[in-house]
J.: 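Take a look at this one; I'll ask things after.
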Amino acid sequence: MDTDKLGQVIYEKALACGFDDCGIIPIDDMDGFQQRLQEREEKVPSSAFFYQGMGDFANIKKRFPWAKSVIIGTYWLGKYRFPPFAAGEIWQSLFPVAQ
């Protein structure tokens with residue numbers, strides 16, 4: 001499978017798993033992650049608990065020396081999600097289409 005097709009399959013699977021977006025970055029783009037993490041914690045000390053489990057990402061090249069890329073999946077924490085079976089019905093009841 002060529003890389004474009006593989007990237008598209010990964011993207012579609014990420015969306016199917018509930019992520020809002022997905023991207024693939026070179027593993028070298030993770031260099032400097034530890035520094036940025038520390039900067040965030042210094043700017044907003046009360047957020048340190050949120051970032052505690054992210055320290056492992058700083059050493060990702062050491063943990064996975066064979067890896068060439070990192071898949072990043074994102075979702076918006078503030079967005080309400082309707083269950084897929086109800087989304088259409090709820091949307092139509094809120095915004096009825098004139099017939």
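Side-chain atoms are counted along with the backbone in the values below, which use heavy atoms only and exclude waters and symmetry mates. Please read all numbers here as calculations on a predicted model, not as lab measurements.
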J.: Between CZ of R40 and CE of M54, what distance do you get to the nearest 0.5 Å?
T.: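 The CZ atom of R40 sits 8.0 Å away from the CE atom of M54.
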
J.: For I10 and C22: C-alpha separation, side-chain torsions, deciding distance, then whether side-chain contact (heavy atoms from CB on, under 4.5 Å) applies.
T.: CA-CA 8 Å; I10 291 170; C22 172; 4.2 Å; yes

J.: Mind checking whether V44 and L37 sit in one hydrophobic cluster, side chains of I, L, V, M, F, W, Y counted as touching below 4.5 Å?
T.: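 In one cluster: no.
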
J.: What do the steps show when you test D29 against I27 for side-chain contact (heavy atoms from CB on, under 4.5 Å), and what is the final call?
T.: CA-CA 5 Å; D29 285 358; I27 198 162; over 6 Å; no

J.: So which of D21, L6, I71 actually passes side chain to side chain contact (heavy atoms under 4.5 Å, CB included) with Y11?
T.: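 Of all the options given, the one that passes is D21.
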
J.: How far apart are the C-alpha atoms of I25 and M30, what are their side-chain angles, what is the distance that settles it, and do they pass the side-chain contact (heavy atoms from CB on, under 4.5 Å) test?
T.: CA-CA 9 Å; I25 63 170; M30 294 298 291; 4.0 Å; yes

J.: Would a single hydrophobic cluster contain both F50 and F57, if residues Ile, Leu, Val, Met, Phe, Trp and Tyr are joined by side-chain heavy-atom contacts under 4.5 Å?
T.: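 Both belong to a single hydrophobic cluster.
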
J.: For atom OH of Y51, decide whether the heavy atoms of other residues, nucleotides or ligands shown that lie under 6.0 angstrom number more than 12.
T.: yes

J.: Output the distance between atom CD (E41) and atom OG (S47), rounded to the nearest 0.5 Å.
T.: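 Here the interatomic distance stands at 6.5 Å.
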
J.: Check step by step if side-chain contact (heavy atoms from CB on, under 4.5 Å) holds for I24 and V70.
T.: CA-CA 6 Å; I24 302 171; V70 177; over 6 Å; no

J.: Return the orientation label for the Y75 and F19 ring planes: parallel under 30°, perpendicular over 60°, tilted otherwise.
T.: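 Correct class here is tilted.
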
J.: Under 3.5 Å, side-chain donor or acceptor atoms of residues 61-68 against the rest of the protein: list the pairs with distances, not counting sequence neighbours.
T.:
{"from": "K61", "atom 1": "NZ", "to": "D28", "atom 2": "OD1", "distance (Å)": "2.9"}
{"from": "K61", "atom 1": "NZ", "to": "D31", "atom 2": "OD1", "distance (Å)": "3.2"}
{"from": "K61", "atom 1": "NZ", "to": "D31", "atom 2": "OD2", "distance (Å)": "3.3"}

J.: Would you say the side chains of E42 and Q38 form a donor-acceptor pair under 3.5 Å?
T.: no

